[in-house]
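To start, the structure under review is shown below, and the notes come after it.
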Amino acid sequence: MEKIVIPYIAGDGTGEDIWKASKEVLEESVLKAYDAEKRIEWIELLAGQKALEKTGSLLPEETIEGIKFHRLAIKGPLTTPVGGGFRSINVYLRQVFDLYVCMRPVRFFEGLPSPLKAPEKVDIIIFRENTEDIYRGIEWKEGTPEASTFIHFLREKMNVTLSDDNGVGVKPISRHGTVRFTKWVIDYAIKNRRNAITVVHKGNIMKYTEGAFREWAYDTAKGFGEKITFDNPPLTPILPDNKVFFNDRIADNMFMQVILRPEDYDILLCPNLNGDYLSDACAALIGGLGVAPGANIGDEVAIFEPTHGSAPKYAGKDMINPTSFLLSASMMFKYMGLDRVSVLLEKAIEETIKAGIMTYDLARLKAGVKPVKCSEFGEEVKKRL
């Protein structure tokens, strides 16, 4: 039997509950898809609170080396504090492995609760540049010598008026980062026969960061020649093979558009912060973050993870929704070339939800639905494989 070696990080908070509910589902998916000719061999890697307790480090070097060697991993949610404390481990992993593409598909499954009248029209992938923008973490606290030095520089050299009681930060967006990210997304759209890419930006205000992001994205798209057409797609697009519509929207307008006309949008190409906001907003259209998967992809390494946080107040209560983690694993299987596993797993998840079996986060949004436990949901998916 062929072994498929997959490193995993269980995660903080509810991560352990999700992992326990998902592990056997993923193993069974591989066995069923390949008639027991392939199986998963898991390798546990430590990060977050569990790593801190066992090794004294939030992100041990052994974890970095393990991901680098295997070139992929799946991870649960890791806690990121608000305000002071350590920087986000999630962001650090993206930076250390140069995972410049964040991919977050949002697709409606029959049976999911939604505030929309026609949620079946939602099938959008949010692509988020993953290494630049404010997530570089270049900022200084109000009152520190570093903040004072920066404010003094802005006053004296750049003629910018700021009072001393400002916290300050830098928002870097580069031509190089934008070009490689846009190339990756356009290649994906062509290979996967997606019909439109919309650049989402606030370039009318931030002209030399997000405005430049828009400009560089268009310049990159022009290099694809006849495969790209610069127009808004018709309401019912009939496209020639491998041709993609390319356009843009101001970010605040885009938030309105995904609610009013989600069927008009296919791929959203976003700077880091816009993509973070929009992926959560779009997830709300299909039930919330509990059903929103994610992937962070670079040229050498890919890490797959649910888009939600660690929700520590629910840790150990067997309540949280494992669907986001399971769908992230489906993305991982597809990335690994195990498409049969991905198809089987997603079908089983969809059938489970369609049958009205769902955890509390979804059940509370649907009248007459009794929630099941995290572990029970996993068992129900496994039955339908």
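Everything numeric here is computed off the predicted structure, so don't read it as measured data. Just the heavy atoms: all of them, side chains too, but no hydrogens, waters or symmetry mates, feed the values below.
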Open item on the list: Between E28 (side chain only) and V381 (backbone N and O only), is there a donor and an acceptor less than 3.5 Å apart?
Closed with: no
Open item on the list: If I compare all heavy atoms of P293 with all of M331, which pair ends up nearest, and what's the gap?
Closed with: CB-SD, 3.8 Å
- [ ] Show the numbers, then the answer: is there a side chain to side chain donor-acceptor pair (under 3.5 Å) between E305 and N296?
- [x] CA-CA 8 Å; E305 62 182 359; N296 303 288; 2.8 Å; yes
- [ ] Quick one: closest heavy-atom pair of S114 and F108, and the distance?
- [x] CB-CE1, 4.5 Å
Open item on the list: Taking atom OH as the centre, does Y277 end up with more than 12 heavy-atom neighbours from other residues, nucleotides or ligands that are less than 6.0 angstrom away?
Closed with: no
Task: Charged N-O contact under 4.0 Å between R384 and E351 - done: no
Open item on the list: Go through it in stages, so that I can follow the logic: the residues are D248 and Y218, the test is side chain to side chain donor-acceptor pair (under 3.5 Å), and I'd like the CA-CA distance, side-chain angles, deciding distance and then a yes or no.
Closed with: CA-CA 9 Å; D248 70 282; Y218 268 91; 2.6 Å; yes
Open item on the list: For Y314 and Y360, take the angle between the two ring planes, folded into 0 to 90°, and tell me which bin it lands in: parallel under 30, tilted 30 to 60, perpendicular over 60.
Closed with: tilted
- [ ] Applying side chain to side chain donor-acceptor pair (under 3.5 Å) between E210 and each of K202, H201, K171, report the one that passes.
- [x] K171
Open item on the list: So for atom CG, which belongs to N192, do other residues, nucleotides or ligands contribute more than 12 heavy atoms lying within a distance under 6.0 Å?
Closed with: yes
Open item on the list: To check you understand the geometry: which heavy-atom pair defines the closest contact between V199 and A217, and what is its length?
Closed with: CG2-CB, 4.0 Å
Task: Shortest non-hydrogen separation from T131 to D98 and the atoms involved - done: CG2-OD1, 3.8 Å
- [ ] Show your reasoning for whether ring pair (Phe, Tyr, Trp, His ring centres under 6.0 Å) applies to Y188 and F127.
- [x] CA-CA 11 Å; Y188 177 91; F127 281 101; 5.3 Å; yes
Open item on the list: I'd like to know whether CD of E44 has more than 12 heavy-atom contacts from other residues, nucleotides or ligands below 6.0 angstrom.
Closed with: yes
- [ ] Provide the closest heavy-atom pair for T359 versus M319 in the form atom of the first, atom of the second, distance.
- [x] CB-O, 3.7 Å
Open item on the list: Is it the case that atom CE in M158 sees more than 12 heavy atoms from other parts of the structure closer than 6.0 Å?
Closed with: no
Task: Parallel, tilted or perpendicular: rings of F150 and W140 (30°, 60°) - done: tilted
Open item on the list: Is the positively charged end of R249 above the ring of Y265, judged by distance under 6.0 angstrom from the centroid and angle within 45° of the axis?
Closed with: no
Open item on the list: Same cluster or not: L344 versus I74, using hydrophobic residues (I, L, V, M, F, W, Y) connected whenever any side-chain heavy atoms lie under 4.5 Å apart?
Closed with: yes
- [ ] Would you confirm whether K366, through its side chain, and G111, through its main-chain N or O, come within 3.5 Å as a donor-acceptor pair?
- [x] yes
Open item on the list: Looking at E41, I want to see if its CD is surrounded by more than 12 non-hydrogen atoms of other residues, nucleotides or ligands under 6.0 Å.
Closed with: yes
Task: Test item: T198 side-chain N/O and L268 main-chain N/O as donor-acceptor pair under 3.5 Å - done: no
Task: For the student: nearest non-hydrogen atoms of L116 and P262, plus distance - done: CD1-CG, 4.3 Å
Open item on the list: Test your reading of the model: is there a side-chain donor-acceptor pair from T352 to the backbone of I357, 3.5 Å cut-off?
Closed with: no
Open item on the list: Please determine whether the number of non-hydrogen atoms from other residues, nucleotides or ligands lying under 6.0 Å from atom CZ of R155 exceeds 12.
Closed with: yes
TODO: Return yes when atom NZ of K373 has more than 12 non-hydrogen atoms of other residues, nucleotides or ligands closer than 6.0 Å, and no otherwise.
DONE: no
Task: Distance under 6.0 Å and angle within 45° of ring axis: R180 vs Y100 - done: yes
TODO: For residues F181 and N130, determine if any side-chain heavy atom of one lies less than 4.5 Å from a side-chain heavy atom of the other.
DONE: no
